[in-house]
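These notes concern the structure reproduced below.
FYI, side chains are in, hydrogens and waters are out, and symmetry mates aren't considered; it's all heavy atoms of this structure. Since we're looking at a predicted model, the values are computed, not measured.
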Amino acid sequence: LRTRRNPANGNSQLGNIMIGLQKVTAEDLSPLFHFIAKEEEECITLVSHLNMKDMDQYPSYILRNESKILGVLMFSEAGLLLSYLPFCKNIMEFSLDEITEIQRKIAMLFTKKKPYCITGSKYGSDFLENCLQNVYGVEPREKRNYHLMVHEETSPSLELKSISLQSSFEILLCNQNDIEGIFPLQQGYDIEEVLPLGDEYDFHAARLQLFTNLKKQRTLAARSHETGLFVSKVSSNAIGINWIQLGGVYTRPQYRGKGIASVLVHEMTKLVEKEGKKVALFVKLQNTPAQKAYFNAGFVKKGSYSILYY
């Protein structure tokens, strides 16, 4: 990490400031939402759990100095570490001593358990990776990098494509009664896009998670008139205050290349925006076809995102 040191006293331009990391309370929520609001699209999953009801399962912590909030961390009971650490964008404003103290404070969260997964904007994930490496000598076993994309405009061509597609496929907003038809798509997505290298797929846990998501999230799917099979789907995987994050985009291999997933993303985006929310999603850096499909659906690149597995 490159930092700026004041040659006169060894401190940053901000001076010798104490760093604190405290568990979030009900009184903290309003200032935290205000702090996150301008860049909520970077941390929609974190925002979706930033409430007192979820605090036992997703404990959250404010990182601050004497004058302002620096970031927020959420470390779930299962070992998932979510973050919003915008100070990392301006790391040169901090001295090496301040960065060391921030890392020391964050490392205190890991005294009883280490994270199995770090997820968030790349600049924050890189900082947390460095923190774990410096304090515990731990390195990720797998790192995945993504583009953050946000929706900016509706695609007229996809509107026409959607009308044409519905002669062969029915587009449905799914519920828990559709689990038998949707699960093969979810399983394909999990194995191809999510499962870390070397991990075994937990069929029963995945099915239970899908059953929960079909109630709490939104899933739009295309079902073939000819076969009755669900052939493609898109889901929301986090609902924030002003943003919804899409994910779980998957099409059966034999139906790919027909633009079905693009139409579903298009229709889901219309549905979400009618509710007054904006739409974001993540796509792997190497997945050029998906990036092109999202670009055609009116999405643009907004930033970088990382998932680290330990």
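Taking the side chain as every heavy atom from C-beta outward, I118 and P140 never approach each other to under 4.5 Å. No side-chain heavy atom of Q186 sits under 4.5 Å from any side-chain heavy atom of Q209. The shortest side-chain heavy-atom distance between T45 and H49 falls under the 4.5 Å cut-off. Looking only at side-chain heavy atoms (C-beta outward), L80 and T119 come within less than 4.5 Å of each other.
Salt bridge K89/E42: present, at least one basic N to carboxylate O contact under 4.0 Å. Taking a cutoff of 4.0 Å between a charged side-chain nitrogen and a carboxylate oxygen, K278 and E41 do not qualify as a salt bridge. E180 and R207 are joined by a salt bridge, as a carboxylate oxygen and a charged side-chain nitrogen come within less than 4.0 angstrom of each other.
Checked by atom type and distance alone, the side chain of E267 never pairs as donor or acceptor with a backbone atom of S162 at under 3.5 Å. When atom types are taken as modelled, the side chain of Q291 and the backbone of K284 share a donor-acceptor pair closer than 3.5 angstrom. S76 contributes a side-chain N or O that, together with a main-chain N or O of A78, makes up a donor-acceptor pair within less than 3.5 Å. Between the side chain of Y136 and the backbone N or O of A107, at least one donor-acceptor pair lies under 3.5 Å. At distances below 3.5 Å, at least one donor-acceptor pair connects side-chain atoms of K233 with backbone N or O atoms of G248. Of the possible polar contacts, none joining the S168 side chain to the L165 backbone as a donor-acceptor pair under 3.5 Å is found. In terms of modelled atom types and a separation under 3.5 Å, the side chain of R256 and the main chain of T251 share a donor-acceptor contact. With hydrogens and angles ignored, the 3.5 Å screen pairs no side-chain donor or acceptor of S125 with any backbone N or O of K122. Judged by distance alone, with hydrogens and angles left aside, the side-chain atoms of E40 form a donor-acceptor pair with the main-chain N or O of I241 at under 3.5 Å. No donor-acceptor pair under 3.5 Å is formed between the side chain of S67 and the backbone N or O of N65.
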Q | Worked verdict on I239 versus Q217 for side chain to side chain contact (heavy atoms under 4.5 Å, CB included) | A | CA-CA 8 Å; I239 301 173; Q217 301 288 338; 3.4 Å; yes

Q: For the pair S121 and L148, evaluate side chain to side chain contact (heavy atoms under 4.5 Å, CB included) and give the outcome as yes or no after the intermediate values.
A: CA-CA 8 Å; S121 290; L148 164 64; 5.7 Å; no

**Q.** Derivation of the side chain to side chain contact (heavy atoms under 4.5 Å, CB included) call for L229 and R252
**A.** CA-CA 10 Å; L229 283 176; R252 292 178 185 266; 3.9 Å; yes

Q | Test log, rule side chain to side chain contact (heavy atoms under 4.5 Å, CB included), inputs L158 and V263 | A | CA-CA 6 Å; L158 276 179; V263 166; 4.2 Å; yes

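Checking each of Q103, E101, R64 against I19 for a side-chain contact (heavy atoms from CB on, under 4.5 Å) leaves exactly one that passes, namely E101. Y84 pairs with exactly one of Y123, F35, F127 by the ring-ring contact (aromatic ring centres under 6.0 Å, His included) rule, that one being F35.
At a cut-off of 3.5 Å, with distance as the only test, no side-chain donor of E193 or Y250 sits close to an acceptor on the other residue. E27 and T25 are linked by a side-chain donor-acceptor pair at a separation below 3.5 angstrom, with hydrogens and angles left out of the test. When only modelled atom types and interatomic distance are considered, E139 and Q133 share a side-chain donor-acceptor pair under 3.5 Å.
Among residues at least two apart or in separate chains, ring-ring contact (aromatic ring centres under 6.0 Å, His included) pairs with a member in residues 265-310 are H151-F299, F282-Y305.
Listed here is the closest heavy atom pair of G124 and C88: CA-SG, 4.4 Å. The shortest heavy-atom contact between S157 and S155 is OG-OG, 3.0 Å. Looking at every heavy atom in both residues, S60 comes nearest to L50 through OG-CD1, 3.7 Å.
Residues passing the ring-ring contact (aromatic ring centres under 6.0 Å, His included) test with F183, sequence neighbours excluded: F203.
L70 and I91 fall within a single hydrophobic cluster, where Ile, Leu, Val, Met, Phe, Trp and Tyr are joined by side-chain heavy atoms under 4.5 Å apart, directly or via other members. Under the 4.5 Å side-chain heavy-atom criterion for grouping Ile, Leu, Val, Met, Phe, Trp and Tyr, I102 is not connected to I69 through any hydrophobic cluster.
At most 12 non-hydrogen atoms from other residues, nucleotides or ligands lie less than 6.0 angstrom from NE2 of H204. Enclosure of atom CE in M108 is not indicated, since only 12 or fewer non-hydrogen atoms of other residues, nucleotides or ligands lie within 6.0 angstrom. Around the CD atom of E192, the shell of radius 6.0 Å holds more than 12 heavy atoms that belong to other residues, nucleotides or ligands.
Remark: K113 qualifies as a cation-pi partner of F75 under the 6.0 Å distance and 45° angle criteria applied to the six-membered ring.
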